[in-house]
Amino acid sequence: MSQEAPNPIADGRRLLMLVAEMHRRGYERLRVIVGMAPSGMYWRCSLYAAGAANYSGGLPPYSTSSGLKIFGWADADADDPSALAAKFLEHFPELAARAHGSDPAYVAWFAAMLRQTDPDLLPITFADWELPPDLVSTIGSNRRRVLPLPPPYVER
């Protein structure tokens, strides 16, 4: 049985699709912080609930160094976004509870970001090199994009 070659961009986009699925399920306050590891080798993504005092609630950031093992889940390699969302709800109920609620401006921004980076780019907002302070940069294929920053969270 042959193993598929690692694809860090596809692995990272898989996590972003998990977030989009959570948004569809009503967890619109779930947000991402995305950037590069200090080595510049791996993309990192932290999830948090907008408006929460504690960003992650103990949730470890995902790194593309983990490949298909999102949050270390050994049984999630072949899961689609819906199955990943179900695992997320099971494993991180406190963060999910804080993320449940309306944030339509962020959901619209996130959906647009996914479309503009499809199929081979990942967004980044931090790295050990200079990035535009007022834009979201991308990594991935030879093409590059810059995107607007996500909207701030407004408590309703």
Side-chain angles (χ1 to χ4, degrees), residues 1-103 106-107 109-129 131 136-141 144-145 147 149-151 153:
M1 184 160 129
S2 67
Q3 282 195 323
E4 208 171 301
N7 185 338
I9 300 299
D11 297 342
R13 290 195 62 81
R14 193 165 165 254
L15 179 64
L16 295 175
M17 297 308 292
L18 157 64
V19 173
E21 177 63 23
M22 293 296 291
H23 289 164
R24 280 189 282 282
R25 293 180 180 207
Y27 298 87
E28 293 184 2
R29 292 177 49 204
L30 187 63
R31 288 184 170 223
V32 299
I33 299 173
V34 290
M36 297 302 294
S39 68
M41 294 287 299
Y42 301 108
W43 180 79
R44 290 186 175 168
C45 181
S46 295
L47 304 183
Y48 71 100
N54 179 348
Y55 276 120
S56 70
L59 178 67
Y62 168 77
S63 170
T64 53
S65 66
S66 299
L68 294 172
K69 304 239 182 295
I70 291 180
F71 306 121
W73 299 334
D75 63 344
D77 291 10
D79 287 355
D80 65 10
S82 181
L84 290 172
K87 281 187 172 85
F88 184 89
L89 291 168
E90 176 186 337
H91 289 276
F92 306 114
E94 291 105 17
L95 177 56
R98 287 194 307 273
H100 193 267
S102 180
D103 193 354
Y106 185 79
V107 170
W109 173 87
F110 195 84
M113 177 275 298
L114 285 175
R115 283 190 307 277
Q116 292 170 6
T117 59
D118 188 45
D120 55 2
L121 295 173
L122 293 171
I124 60 170
T125 57
F126 66 86
D128 275 2
W129 60 85
L131 295 172
V136 175
S137 296
T138 59
I139 60 155
S141 71
R144 294 283 186 258
R145 291 204 74 129
L147 311 165
L149 289 174
Y153 176 68

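In what follows, residues are counted from 1 in the order of the sequence shown. Values reported hereafter were calculated over all heavy atoms of this structure, with side chains retained and with hydrogens, waters and symmetry mates removed.
Heavy atoms only, all atoms of each residue included: C45 and V34 are closest at SG-CG1, 3.8 Å. Across every non-hydrogen atom of A20 and L114, the tightest pair is CB-CD1, 3.8 Å. For P150 against Y106, the heavy-atom pair with the smallest separation is CB-CE1, 3.7 Å. Of all non-hydrogen atoms in M36 and G40, the two that sit nearest each other are CE-O, 3.4 Å. Nearest heavy atoms, L89 versus A96: CD2-CB, 3.6 Å. The minimum heavy-atom distance between P151 and W109, with the atom names listed, is CD-CB, 3.6 Å.
A salt bridge (Lys or Arg N to Asp or Glu O under 4.0 Å) check over residues 24-35, counting only residues at least two apart or in different chains, returns the pairs E21-R24, E21-R25, R31-D103. Within the structure, the salt bridge (Lys or Arg N to Asp or Glu O under 4.0 Å) test picks out the following pairs touching residues 115-127 (sequence neighbours left out): R13-D118, D120-R143.
For the atom pair CD1 of I9 and OG1 of T64, the computed distance is 7.5 Å after rounding to the nearest 0.5 Å. Taking CG of L84 as the reference point, atom NE2 of H91 lies at 10.5 Å (rounded to 0.5 Å). Taken from CD1 in I124 to CG in L147, the straight-line distance is 10.5 Å, to the nearest 0.5 Å. Remark: H100 NE2 to M22 CE distance equals 8.5 Å, nearest 0.5 Å. Between R145 atom CZ and T138 atom OG1 the span is 8.0 Å, to the nearest 0.5 Å. The OG atom of S137 sits 12.5 Å away from atom CZ of F126, with the distance rounded to the nearest 0.5 Å.
No donor-acceptor pair under 3.5 Å is formed between the side chain of S65 and the backbone N or O of Y42. The backbone N or O of L95 sits nowhere less than 3.5 Å from a side-chain atom of Y27 that would complete a donor-acceptor pair. A donor-acceptor pair is defined here as one N or O able to donate and one able to accept, closer than 3.5 Å; such a pair exists between the side chain of R14 and the backbone of D79. With hydrogens and angles ignored, the 3.5 Å screen pairs no side-chain donor or acceptor of S46 with any backbone N or O of I33.
Looking at L16 and L18, their side chains never come closer than 4.5 Å, going by heavy atoms from C-beta outward. The side-chain heavy atoms of S63 and M41, taken from C-beta on, include no pair separated by under 4.5 Å. Residues W43 and D11 form no side-chain contact, since every pair of their non-hydrogen atoms from C-beta on lies 4.5 Å or further apart. When side chains are defined from C-beta on, V32 counts as touching F110, because their heavy atoms get closer than 4.5 Å. Proximity of L131 to V136: side-chain heavy atoms (C-beta onward) are nowhere separated by under 4.5 Å. Using a 4.5 Å heavy-atom cutoff, the side chains of F92 and K87 are not in contact.
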Go through the steps for L122 and T117 under the test side-chain contact (heavy atoms from CB on, under 4.5 Å), then give the verdict.
CA-CA 6 Å; L122 293 171; T117 59; over 6 Å; no
Side-chain donor-acceptor contacts of residues 70-77 below 3.5 Å, not counting sequence neighbours, with atom names and distances?
residue, atom, partner, partner atom, Å
D77, OD1, K69, NZ, 3.2
D77, OD2, K69, NZ, 3.0

